[in-house]
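Step one of this worksheet: look at the structure below.
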2 protein chains.
Amino acid sequence: MYDYDRSNFIAFLKEFPSQIDEALQIVRGIQPQVEVDSISNVIITGMGGSAIAGDLILGYLHEDLKLPAIVNRNYHIPQFVNHNTLFIAVSYSGDTEETLSSVRAAVEKSARVIGISSGGELEKICRDHQLTHIKIPGGLPPRQALGYLFFPLLGIFENLGMIPGQTEQIEETRVLVRNLVSRYSPETSFGNNLANHIAQSIYHAIPVIYAGVPYLAPVTVRWRNQFNENSKAMAFSNLFPELNHNEIMGWEGLEGVNKHFRVIMLRDQEENPRIRQRIEITKDILRKKHILFGEIYSEGHSRLARLFSLIVTGDWASYYWAMLNEIDPIKIDSIDLLKQRLSEVRP
Amino acid sequence: MYDYDRSNFIAFLKEFPSQIDEALQIVRGIQPQVEVDSISNVIITGMGGSAIAGDLILGYLHEDLKLPAIVNRNYHIPQFVNHNTLFIAVSYSGDTEETLSSVRAAVEKSARVIGISSGGELEKICRDHQLTHIKIPGGLPPRQALGYLFFPLLGIFENLGMIPGQTEQIEETRVLVRNLVSRYSPETSFGNNLANHIAQSIYHAIPVIYAGVPYLAPVTVRWRNQFNENSKAMAFSNLFPELNHNEIMGWEGLEGVNKHFRVIMLRDQEENPRIRQRIEITKDILRKKHILFGEIYSEGHSRLARLFSLIVTGDWASYYWAMLNEIDPIKIDSIDLLKQRLSEVRP
């Protein structure tokens with residue numbers, strides 16, 4: 001179904017730093033026609049790789065965005081959407097059917113709609129209704145277009161004055177991502193390739209990714225989804241402290257079943273002391289069951305840099321995992337089949 | 001750590017219909033001192049079995065509650081909480097440390113706080129600040145106290161006039177739950193015991209529970225958590241249409257790993273036609289991989305009855321699963337260990 005310019009998946013990974021630079025250029029010109037004072041809540045609507053960009057930005061802005069804000073992953077929209085809702089529709093292709101359905105409903109309710117896409121029907125809807133549309137370059141697998149999706153979202157909030165300036169954080173992130181990509185590239189890494197190491201340790205297992213700070217919740221889902229799509233592998237995720245109230249009991253189960261899992265902890269300097277204690281005790285429990293892979297610490301000073309350090313590590317790990325199983329990370333046969341069959345039964 | 005009056009887990013399941021009746025008696029007297037007109041958003045804070053009651057009520061009321069509403073599972077609270085927030089703190093024991101921390105933060109921000117607990121520190125906080133507190137009977141494992149937790153939440157919204165009257169739905173639910181409990185009880189079931197059948201089919205596997213209507217999202221999590229705590233087994237869940245954008249690819253993975261999974265679809269009459277098509281195509285894909293367990297349809301006319309029909313089925317399936325593996329469904333050693341060790345390192 002997709003028609004990519006470049007057939008080599010690793011090119012998408014290597015060009016990610018340039019993608020961020022290009023996205024930042026696009027962002028510079030954004031000035032959405034929205035009166036900030038009238039906004040009382042925010043919805044980002046999208047699916048898959050576009051929705052996760054919404055989760056990532058809302059997690060990242062958690063303390064700065066002083067309004068109720070949610071990501072919507074469905075055909076319909078919440079009842080409370082009205083003319084005081086900032087409604088951002090994200091669809092890389094611009095043709096995701098759930099997103100189009102929800103954005104039409106939001107227009108109907110007079111929400112302040114902004115669209116982000118590489119074109120497609122979403123661009124047309126925005127044009128027809130004179131809504132702000134941010135056009136991003138097409139041609140990538142949506143999951144590898146995260147730079148094009150995330151930074152325009154950040155730019156909307158920054159340019160509307162809803163959050164503090166992000167100049168320094170963005171600069172640190174650009175440098176760190178470029179550094180990491182060089183560290184993870186097969187040609188330039190010097191043995192110490194963490195992404196490859198992760199892949200080696202889990203490529204016959206089922207990874208379960210845990211984190212203990214709210215802004216990393218979407219990163220655990222990003223890892224999971226990259227393992228799903230790029231590595232063709234099941235993966236799961238959960239969060240502290242909630243997992244200490246139920247999922248921790250699942251690890252007491254049958255050894256024959258549980259031996260297939262490997263738990264990866266995404267760690268960060270923002271964990272509060274009590275969460276840190278919970279993680280240590282949980283590690284002890286998992287270690288005794290021989291299912292603890294270990295911990296990956298975020299790198300960098302600013303939260304934005306730390307966020308992207310873990311995203312980049314997961315992306316590369318999913319690539320190396322695909323290589324180990326001799327799988328093409330680009331192909332997504334089941335998703336293509338679904339789209340194909342859904343188009344045949346279009347109601 | 002817990003000191004239950006009754007050592008036999010099955011008694012909790014059998015007494016669930018009476019628990020609902022008792023909860024409804026408690027609800028009758030609730031008249032929270034909150035001016036509804038001033039409320040602009042709703043937060044339910046809690047963990048584990050208490051948090052899931054919040055998810056279930058918000059899912060159930062999705063179209064009726066015309067305000068942004070979220071469940072908070074952490075020590076802290078969102079930035080947007082203020083005197084216009086209806087903040088409901090749910091903790092069965094009344095001593096859950098995350099919940100106490102968040103409710104103190106909400107009081108600090110002058111939110112309209114209501115507490116639900118069987119006693120504990122939460123009751124004291126409510127008394128000290130002259131806040132509405134709903135006292136429910138103690139002595140159960142929190143996960144088996146769902147009737148005591150859910151119906152007071154429903155009662156708050158109903159008695160405040162924020163949602164339409166629920167009399168008929170509640171009546172149908174009471175009758176259906178009583179009927180189902182009799183159908184699933186080992187002494188009264190006549191071979192056709194669906195809960196036992198589910199357990200027989202998954203007790204050496206890893207169930208993955210899917211649903212396609214938003215109000216069932218928390219039911220998939222409830223099943224998962226009941227399998228974790230009662231059956232001591234890992235379980236996972238996901239939702240249509242989102243899973244069609246990423247997780248579906250995980251099923252293309254290594255047969256040796258994926259053969260351990262069994263996918264259970266929770267089905268419902270409210271699925272929209274497009275979601276129904278997605279589910280059918282997904283079933284075809286999973287069937288070819290030999291990992292489709294099958295479908296469980298909700299029973300009943302009203303949404304409330306259908307919701308509880310699936311909750312009760314999952315609860316009993318988790319019990320039969322524990323029996324098959326000769327496990328005590330009451331014991332939660334890892335959770336007790338966590339609490340023990342956290343109390344030793346109290347900061």
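Labels below follow one simple rule: chain letters A, B, ... track the order of the sequence lines, proteins then strands, and each chain is numbered from 1. Computed from heavy atoms alone, side chains included, the values below leave out hydrogens, waters and symmetry copies.
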Side chain, backbone, both or neither: which part of [X] has a heavy atom under 4.5 Å from chain A?
| X | value |
| --- | --- |
| B:N41 | side chain |
| B:Y75 | side chain |
| B:L338 | both |
| B:N82 | neither |

>> With a 6.0 Å cut-off (strictly less than), is the heavy-atom count around CD of A:E255, excluding the residue itself, greater than 12?
In response: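 Result for CD/A:E255: open.
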Let's test your reading of the structure: which of [options] forms the most heavy-atom pairs below 4.5 Å with chain A?
| options | answer |
| --- | --- |
| B:N238, B:N225, B:I327, B:V208 | B:N225 |
| B:G253, B:A233, B:P241 | B:P241 |
| B:M47, B:Q226, B:K66 | B:M47 |
| B:N244, B:V257, B:I285 | B:N244 |
| B:R278, B:K331, B:E280, B:H204 | B:R278 |
| B:D333, B:L243, B:D64 | B:D333 |

Gap separating the [atom1] atom of [X] from the [atom2] atom of [Y], nearest 0.5 angstrom:
| X | Y | atom1 | atom2 | result |
| --- | --- | --- | --- | --- |
| A:I281 | B:Q340 | CD1 | CD | 10.0 Å |
| A:N84 | B:S40 | CG | OG | 11.0 Å |
| A:L286 | B:S334 | CG | OG | 8.5 Å |
| B:E229 | A:H245 | CD | NE2 | 9.5 Å |

>> side-chain contact (heavy atoms from CB on, under 4.5 Å), that's the test. Do A:E252 and B:I332 meet it? Break it down for me.
In response: CA-CA 9 Å; A:E252 290 190 12; B:I332 44 169; over 6 Å; no
>> Would A:D284 and B:L337 count as a side-chain contact (heavy atoms from CB on, under 4.5 Å) here? Give the steps.
In response: CA-CA 11 Å; A:D284 283 349; B:L337 176 74; over 6 Å; no
Structural part of [X] lying under 4.5 Å from a heavy atom of chain B:
| X | result |
| --- | --- |
| A:Y203 | backbone |
| A:E98 | side chain |
| A:E97 | side chain |

> With under 30° as parallel and over 60° as perpendicular, where do the rings of B:H76 and A:H62 fit, or are they tilted in between?
Replying inline: perpendicular
> Which atom names give the shortest non-hydrogen contact between B:P214 and A:N74, and what distance separates them?
Replying inline: CG-ND2, 3.8 Å
> Can you name the closest pair of heavy atoms from B:E242 and A:A51 and give their distance?
Replying inline: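 Smallest heavy-atom distance, with atoms named: OE1-CB, 4.5 Å.
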Best-contacting candidate, [options], against chain B by heavy atom pairs under 4.5 angstrom:
| options | answer |
| --- | --- |
| A:T96, A:I248, A:T282, A:I43 | A:I248 |
| A:L239, A:N230, A:N325 | A:N325 |
| A:M249, A:R73, A:E247 | A:M249 |

Under 4.5 Å between any side-chain heavy atoms of [X] and [Y], yes or no?
| X | Y | result |
| --- | --- | --- |
| A:Q79 | B:L65 | no |
| A:H260 | B:M234 | no |
| A:N246 | B:I52 | no |

